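Below you'll find the structure, written out as structure tokens, and then a few comments.
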2 protein chains.
Amino acid sequence: MEAAERRATVLRAVVEEYVRTAQPVASQAITDSRDLGVSSATVRNDMTQLEREGFLAQPHTSAGRIPTDQGYRYFVDHFTSAGGLPVGQRRAVADFFATTHRALEDLLHETSQLLARLTSHAAVVVGPDADAVRVRSAQLVAIEPGTVLAVVVLGNGTVEREVLRSTVDGERLGRASGAFDSALKGGTLAPTTPATTTGDPEADVLLADAIHAVTTRARHVSDHLYVGGVSRLAAEQDAFATTATTARLLEMLEEQVVVVSLVRDLLDHGVNVSIGSENDVDELRDCSIVLAPYQVEGALAGTVGILGPTRMDYAQALAAVAAVSQQLGRLLLPSA
Amino acid sequence: MEAAERRATVLRAVVEEYVRTAQPVASQAITDSRDLGVSSATVRNDMTQLEREGFLAQPHTSAGRIPTDQGYRYFVDHFTSAGGLPVGQRRAVADFFATTHRALEDLLHETSQLLARLTSHAAVVVGPDADAVRVRSAQLVAIEPGTVLAVVVLGNGTVEREVLRSTVDGERLGRASGAFDSALKGGTLAPTTPATTTGDPEADVLLADAIHAVTTRARHVSDHLYVGGVSRLAAEQDAFATTATTARLLEMLEEQVVVVSLVRDLLDHGVNVSIGSENDVDELRDCSIVLAPYQVEGALAGTVGILGPTRMDYAQALAAVAAVSQQLGRLLLPSA
DNA sequence: AGTAGCAGTCGAGTCTACCGACTGCTAGTT
DNA sequence: AACTAGCAGTCGGTAGACTCGACTGCTACT
């Protein structure tokens, strides 16, 4: 084995051992657990080299090495390809999606919890960007005297609804409904107000109300973040030094909007794994994010991801998000 | 001042000081901050008496006293009556409810966050029990070829909807919708299956589907827990000794069902404040819960509450939940 | 290039001593 | 009888000294 190649193997070993034990990895620990055919002294030399190159770091002089963010990055880019999920977990995912039968919101929420269970980390699920989803049909329905329901069916099978007050009904409501449909159908729910009129002032008011309500609601729902397994963040305390750090993480997850835009941003740049200092957000300096988009009918529908300490099992994490995102996309196909 | 009366004042002072400082309270700290007209030695005597009676405890011999759960209980029962909210907070609540304009789910969720901000503790909002809400009207609407929407309007103005697949449409759908309405109207959404038929097999299938979907969904929604300010739990770490305790609390809040039934149970017994060991749930041994029901049109609609360490400002907590529950009930009045 | 072996470094754990913050009690006062 | 002054006693917490042992880095050798 060539020297450079061996150094890569040493790096790999350090990452794997550190993920397993959470302790700085000594040169001997590597020669003990791997069969490199060289002595610990040689591994030590490789390690100093790797440290010079920025892949490893030493907490203090008389300690083993831990990976730097750059070290994790190399590991992710070179040693995590095509890992499948263990059978047990693969079955858990299949079972979940076979038996679940819920409205979209609940499904996404429970998906985040599934992912959290699988990976033992906090999990997030982000819905599709409102701008990206087309309207399949829209209508207004009288549900009570004085109350009208605006119903919009989206390209991904989701149904959004909003309650409105209006005395318009019967024939006139039918015309308003037609105008509502033609105003939205085929477009997105981005907040535009197509100037449509029916020649009926009261119905026009209703129409404007309905379009406004539906678009703002869509924005709100699409920016919603489903978070599962927050308790894992507290359990991972050792990684996130202080309890104040944990509190700030939880706060950020509650904010939602920060995380949602971060996730969209990462994915727009084709990034699946963001490690520690690669994150621009301060709170995430000690965290890594592993993402996988899910697609419905070939179109990007949203993202699932997990949020854990940089010291995480990236291979398993990648396998888990891949499996879940794929199954989720499949389930969403025939409309919820 | 009579001796027994003074002891009560001492207890009160210990609770208030301990809530403020989080440190065991010394006899001198009390004579310094209050004007009891007696020396610290006398306070010491009162404290030993209060300890014998179970209201105070000593972490170790050479330390001040801290209140026991029983001590907090006495404090809550005798010294927290009729506290109003400070003007700043009162305005914050009014502003929130004046400007907010959202669908029910979002409103409840944001209410929980408001309450968390007000009290600096985690907050929960529980919706009404499904068994307690009457159906105002129900109908089935075709939204696309092959897709039917079941819409149910509830007594509190909430609108539940569920998407179904069925090819029944036109005239036949109208009849099914009528049957759907008469099957549910005036009753609750408790999972019963009134045997209704329309004499049209396919429509009957749709009808059964719709009733089933709507009742299960209602159960699911009504058992939903809106949690705000979970990050406070991490920030209160000092109170919940270990990080493992925090993790278990977060887990429980994610479970939802435990907390929902606990809250309903407490309120059924007319309990507004449950302190530490008074909670049957193990995870809550170091927590207190402060609750206030909110009413819509005179009927019990749900509960708001906060969850914090036993060492909390009960007077402020009670004032906050009272103010929020009252305003929330008022806002829900004209239907969402 | 690779290795054996040893000196050097530093964190973590243990022990001791000490300080200071309380209380409980006793003796004395009003 | 109620209260108080004052003092002895208790115990947690902190700082310093010491040891142990887990590593590394280096040098000399193969």
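Each chain gets a letter, A, B and so on, in the order the sequences are listed, and its residues count up from 1. Quick caveat, the model's predicted, so the values are computed rather than measured.
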Report task. Could you state the atom-to-atom distance from CD of Glu2(A) to C1' of dG2(C) in whole Å? Result -> 16 Å
Query raised in the report: Rounded to the nearest Å, what distance is computed from the CG atom of residue Asn45(A) to the P atom of nucleotide dT24(D)?
Result: 11 Å
Report task. Identify whether any heavy atom of Gln28(A) sits under 4.0 Å from a base atom; if not, whether one sits that close to sugar-phosphate; answer base, sugar-phosphate or nothing. Result -> nothing
Query raised in the report: Side chain of Val38(A): nearest nucleotide among dT3(C), dC22(C), dT4(D)?
Result: dT3(C)
Query raised in the report: Is any side-chain N of the basic residue among Asp69(A) and Arg73(A) closer than 4.0 Å to the acidic one's carboxylate O?
Result: no
Report task. Taking Arg6(A) for its side chain and Val38(A) for its backbone only, find out whether a donor-acceptor pair lies under 3.5 Å. Result -> no
Query raised in the report: Using a cut-off of 4.0 Å on non-hydrogen atoms, how would the nucleic acid contact of Ser40(A) be classed: base, sugar-phosphate, or nothing?
Result: nothing
Query raised in the report: Any ion pair linking Glu17(A) and Arg65(A) (charged N to carboxylate O, less than 4.0 Å)?
Result: no
Requested in this report: Tell me which nucleotide among dC10(C), dG12(D), dT23(C) gets nearest to the side chain of His60(B).
Outcome: dG12(D)
Requested in this report: Assign each of Gly64(A) and Val43(B) to its nearest nucleotide of DNA chain D by heavy atoms, then name whichever residue's nucleotide is nearer the 5' end.
Outcome: Val43(B)
Query raised in the report: Any Lys/Arg nitrogen of Glu16(A) or Arg34(A) sitting under 4.0 Å from an Asp/Glu carboxylate oxygen of the other?
Result: yes
Query raised in the report: So, is Ser27(A) near the phosphate of dT24(D), with a side-chain N or O under 4.0 Å from OP1 or OP2?
Result: yes
Query - Nucleotide of dT10(D), dA4(C), dT23(C) approaching Thr61(B) most closely (side-chain heavy atoms) - result: dT10(D)
Query raised in the report: How close or far is atom P of dA22(D) from atom CE of Met47(A), stated in whole angstroms?
Result: 17 Å
**Report entry** Distance in angstrom units between Leu36(B) CG and dT4(D) P, rounded
**Finding:** 10 Å
Report task. Please report, rounded to the nearest Å, how far the P atom of dC3(D) is from the CZ atom of Arg6(B). Result -> 5 Å
Query raised in the report: the helix from dA1(C)-dT30(D) to dT30(C)-dA1(D): angle between its terminal axes, five pairs each, to 10°?
Result: 20°
**Report entry** N/O donor-acceptor pair, side chain Arg44(A) with base dG5(C), under 3.5 angstrom
**Finding:** yes
Query raised in the report: Just how far, in rounded Å, is C1' of dG21(D) from CD of Gln23(A)?
Result: 14 Å
Under 3.5 Å, sequence neighbours excluded: what are the donor-acceptor pairs made by side chains of residues 80-93 of chain B?
residue  : atom : partner   : partner atom : Å
Thr80(B) : OG1  : Val76(B)  : O            : 2.6
Gln89(B) : OE1  : Gln316(B) : NE2          : 2.8
Gln89(B) : NE2  : Leu118(B) : O            : 3.2

Query raised in the report: Has the side chain of Ser62(B) got a donor or acceptor that lies under 3.5 Å from a partner of the other kind on the base of dC11(D)?
Result: yes
Report task. Look at the side-chain N and O atoms of Arg65(B) and state whether any lies under 4.0 Å from the OP1 or OP2 oxygen of dG24(C). Result -> yes
